[in-house]
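These notes concern the structure reproduced below.
Order of appearance sets the numbers: ligands from 1, and atoms from 1 within every ligand.
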Amino acid sequence: MFALALAACLCLCVHSLPPDKVNANHIIRTRSIDLTDAQLLKTESRLKLGLYPDAYLLDIEPYLEDGVFKGYLRINVTFGDSLDEITLHSASNLNILRTEVTVPSASDPMGYETIPIAQVVKDLRKPLLSIQLEKAIPSKTTAWINIMYNGSMDVSNSYGIFKRTYTEKEEERIVVAAHLRPNFARRLFPCFDQPFYKAPLQLTIVRPRNMVALSNTEVVKTENITGEPGAVRDHFQVTPLMSTFSFGFVIADLEQLPDARIYNDKHGNSITIRVWARPEYLQALEGLYEKLLWVLGEAADVWEMQLPLSKLDIVALPNYQGVKPADSWGLIMFKESDLSNKGYLQLAQEIMYQWCGALVSPFWWSDAYINKALVNYLAAEITFKINNGSEMEGKWPMTVLYSIYYEFSKRFPHSRITGMKQETASTKIELIFRMLNFTLGEATFKKGMRAFIKATKFKGFSNHDIWHALTDSAIADGKLPHNYKIQNIADSWIDKDRVPLVTAERNYDNNTVTLTQKLYLRERPHDVHDAELQTWWGAHSAGEG
Ligand SMILES: *[C@@H]1O[C@H](CO)[C@@H](O)[C@H](O)[C@H]1NC(C)=O
Ligand SMILES: *[C@@H]1O[C@H](CO)[C@@H](O)[C@H](O)[C@H]1NC(C)=O
Ligand SMILES: *[C@@H]1O[C@H](CO)[C@@H](O)[C@H](O)[C@H]1NC(C)=O
Ligand SMILES: *[C@@H]1O[C@H](CO)[C@@H](O)[C@H](O)[C@H]1NC(C)=O
Ligand SMILES: *[C@@H]1O[C@H](CO)[C@@H](O)[C@H](O)[C@H]1NC(C)=O
Ligand SMILES: *[C@@H]1O[C@H](CO)[C@@H](O)[C@H](O)[C@H]1NC(C)=O
């Protein structure tokens, strides 16, 4: 019975709407392709294990007009192994000016010892920086890496550290911001730019006195700079443990939408929400606080988990060109028009990422697609709860389902656009979550999700963590026999870029239903090799009659 229900949710009823009649191109075009990056990142060279960041202390001095910046960085690290080389991610736009490695002094408990550096080598082919030491640092040592560097901002794209300009009141204005997903933190500072390294970061940043600087946390102190009357330095509170890509900031001529709110809930959250935009755009954002409070409340109820944030800044960023909002933890920057529209879906997605994506994050890039799928599914659910899914014109999940069905029933799926493959994979998993919600029941599904986030908070997760948590909650609630695993069920859908056609035959004489499954193909089915061998998990294939 379990297999039946599973199949019934993802399979399309072929009789009601032949997929050939669906204009798949139209449907697909409205969904942005942003997972190609995740695909490329799977093959990215990893940093060597054996060295771990404990904390980052970062001072950034941007020169807005020139599009360059200076950085002063200290990383507290712990050696897990004895090493005579320190490797960090560092992109080609950074110039390392001075490097120093110190360890606690053996003789003086308050003192430091500087470790002589043989050479600092920038890899020309890879975004890596290697600090080669004259002698090895033994394992279990805590050390400090100090780096002085400078770099250039990106002026043509909206990622890494970037600069954009726009005109307001006939004057050219500058925006400088950092959007570091998925692996652009290395364009801002040398770091351990892999999602599973989590460390707190403490930022100070120099800004023009008349502009605003926002980052992940609250400003705790603003100080004048001697000899620079036009500039000040903001000191931000130290962040929670987080991946480098969750870091972000913005410096711009922003003004706050009046009447900032404090979001409080029974899960322990107390978060000041502030909306920012250029003065001329503020009016377009009226009513946004109410929307944000609503979405935050719904999202927090899904997770029942407190965010370690005391504030959330939402910014309408002038002339932002990114495909997706620049989302960091506690600071989300949207394209202006995305923030003034009437919908809830994108807000819900971005706010969901504050839990699933920042509080917990994928262990490695290859797990990013499942993070995205889970966020999209849960955001769709919230959106339905808030406005009945009216902004999806009542079409979710049918819109995404049709395009998947259309693609997967071709003789050669994804033969035209390879970039679409990752996008479809994520959409498919979104629907697997939906299927599990229906088969296990909402209560069991949510219980699994809550156990998952509780077990992996401040850590990296892999897709196994999600399936394990769901298996445990399903077995505990009597929704799944002990010898079954959600992972096996999910894998049978994830592994294949195909969908089954399930036929149900009722027999009224003995009140039974016979179910059969076969690969659904809409063009030249006889040409597809091994078609009859492709089946999906069912109680039968798991060994029961
Ligand atoms: C990093 O090292 C500095 C210098 O010893 C120390 O004051 C600071 O507490 C350390 N931070 C963390 C988070 O370990
Ligand atoms: C970085 O500093 C070096 C040495 O002072 C200088 O030659 C270079 O122009 C600077 N680059 C940037 C982008 O500021
Ligand atoms: C910082 O500079 C401003 C403007 O020059 C001045 O009004 C303010 O008192 C100064 N603050 C401190 C702490 O010196
Ligand atoms: C929600 O949408 C469905 C399908 O479009 C419609 O039948 C239903 O009446 C709507 N409910 C509300 C509360 O608007
Ligand atoms: C999840 O399942 C419940 C039934 O258990 C259903 O009412 C709800 O609409 C489902 N949610 C989604 C987003 O499909
Ligand atoms: C019910 O009847 C159908 C058709 O005669 C038969 O194929 C099937 O095995 C029967 N099922 C049971 C459980 O007896």
Side-chain angles (χ1 to χ4, degrees), residues 5-6 8-10 52-59 72-79 100-105 108-114 141-147 192 197-203 206-210 219-235 237-242 298-299 301-302 344-345 348-349 352 373-389 392 394-401 427 429-449 458 470 473-474 477 479:
L6 277 178
C9 297
L10 192 59
Y52 305 93
D54 295 320
Y56 295 98
L57 189 65
L58 179 62
D59 181 60
Y72 301 87
L73 170 71
R74 189 184 69 206
I75 317 178
N76 292 18
V77 293
T78 301
F79 283 77
E100 190 187 68
V101 177
T102 55
V103 295
S105 157
D108 171 8
M110 301 303 286
Y112 302 101
E113 185 194 332
T114 302
T141 309
T142 315
W144 301 275
I145 307 168
N146 291 293
I147 299 175
F192 295 79
Y197 289 115
K198 299 220 177 194
L201 188 147
Q202 202 175 342
L203 173 74
V206 173
R207 65 164 163 94
R209 187 182 294 277
N210 56 0
V219 173
V220 284
K221 186 172 81 179
T222 296
E223 61 184 11
N224 289 333
I225 301 170
T226 326
E228 296 253 14
V232 293
R233 177 178 270 111
D234 282 332
H235 294 246
Q237 217 164 40
V238 60
T239 71
L241 278 186
M242 64 180 191
E298 294 294 344
D301 283 348
V302 167
Y344 283 83
L345 182 63
Q349 286 171 344
M352 272 293 170
L374 184 54
V375 160
N376 284 359
Y377 168 69
L378 294 168
E381 184 177 86
I382 291 180
T383 310
F384 266 95
K385 230 165 147 182
I386 290 177
N387 65 8
N388 199 15
M392 302 176 246
K395 284 186 194 142
W396 188 89
M398 284 310 160
T399 34
V400 289
L401 198 52
T427 308
I429 297 171
E430 188 178 331
L431 296 171
I432 295 171
F433 284 122
R434 178 172 180 272
M435 176 168 80
L436 290 167
N437 168 63
F438 277 108
T439 48
L440 303 174
E442 198 170 6
T444 303
F445 182 80
K446 290 276 167 65
K447 202 159 112 183
M449 289 299 116
F458 298 116
L470 276 175
S473 76
D477 287 358
K479 301 287 176 70

Does ligand 5 have any N/O pairs with the protein under 3.5 Å, and how far apart?
| residue | atom | partner | partner atom | Å |
| --- | --- | --- | --- | --- |
| ligand 5 | 2 (O) | Asn437 | OD1 | 3.2 |
| ligand 5 | 2 (O) | Asn437 | ND2 | 2.4 |
| ligand 5 | 5 (O) | Glu442 | N | 3.1 |
| ligand 5 | 11 (N) | Asn437 | ND2 | 2.8 |

Under 3.5 Å: donor-acceptor pair, side chain of Ser473, backbone of Thr444: yes
Any donor-acceptor N/O pair, Thr102 side chain to Thr114 backbone, under 3.5 Å: no
Ring centers of Phe384, Tyr344 separated by less than 6.0 Å: no
Which of the ligand 3 atoms, numbered from 1, are nearer than 4.0 Å to a heavy atom of Asn224: 1 (C), 2 (O), 3 (C), 8 (C), 10 (C), 11 (N), 12 (C), 14 (O)
Numbered atoms and elements of ligand 1 in range of Asn76, under 4.0 angstrom, heavy atoms: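 Atoms satisfying the 4.0 Å criterion: 1 (C), 2 (O), 3 (C), 8 (C), 10 (C), 11 (N), 12 (C), 14 (O).
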Those atoms of ligand 1 less than 4.0 Å from some heavy atom in Ala55: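 Going through ligand 1 atom by atom, the ones under 4.0 Å from Ala55 are 12 (C), 13 (C).
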Could you work out, with salt bridge (Lys or Arg N to Asp or Glu O under 4.0 Å) as the rule, every residue matching [X], not counting sequence neighbours?
{"X": "Lys446", "value": "Glu381, Glu442"}
{"X": "Asp301", "value": "Lys266"}
{"X": "Glu100", "value": "none"}

Asp59/Arg233 salt bridge by N-O under 4.0 Å criterion: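 So Arg233 pairs with Asp59 through a salt bridge.
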Polar contact flag for Trp144 and ligand 1 (N/O pairs, less than 3.5 Å): yes
Beyond-backbone contact of Asn376 with Gln349, side-chain heavy atoms, under 4.5 angstrom: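 Answer yes - side chains close enough.
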Any Arg209 heavy atom less than 4.0 Å to ligand 3: yes
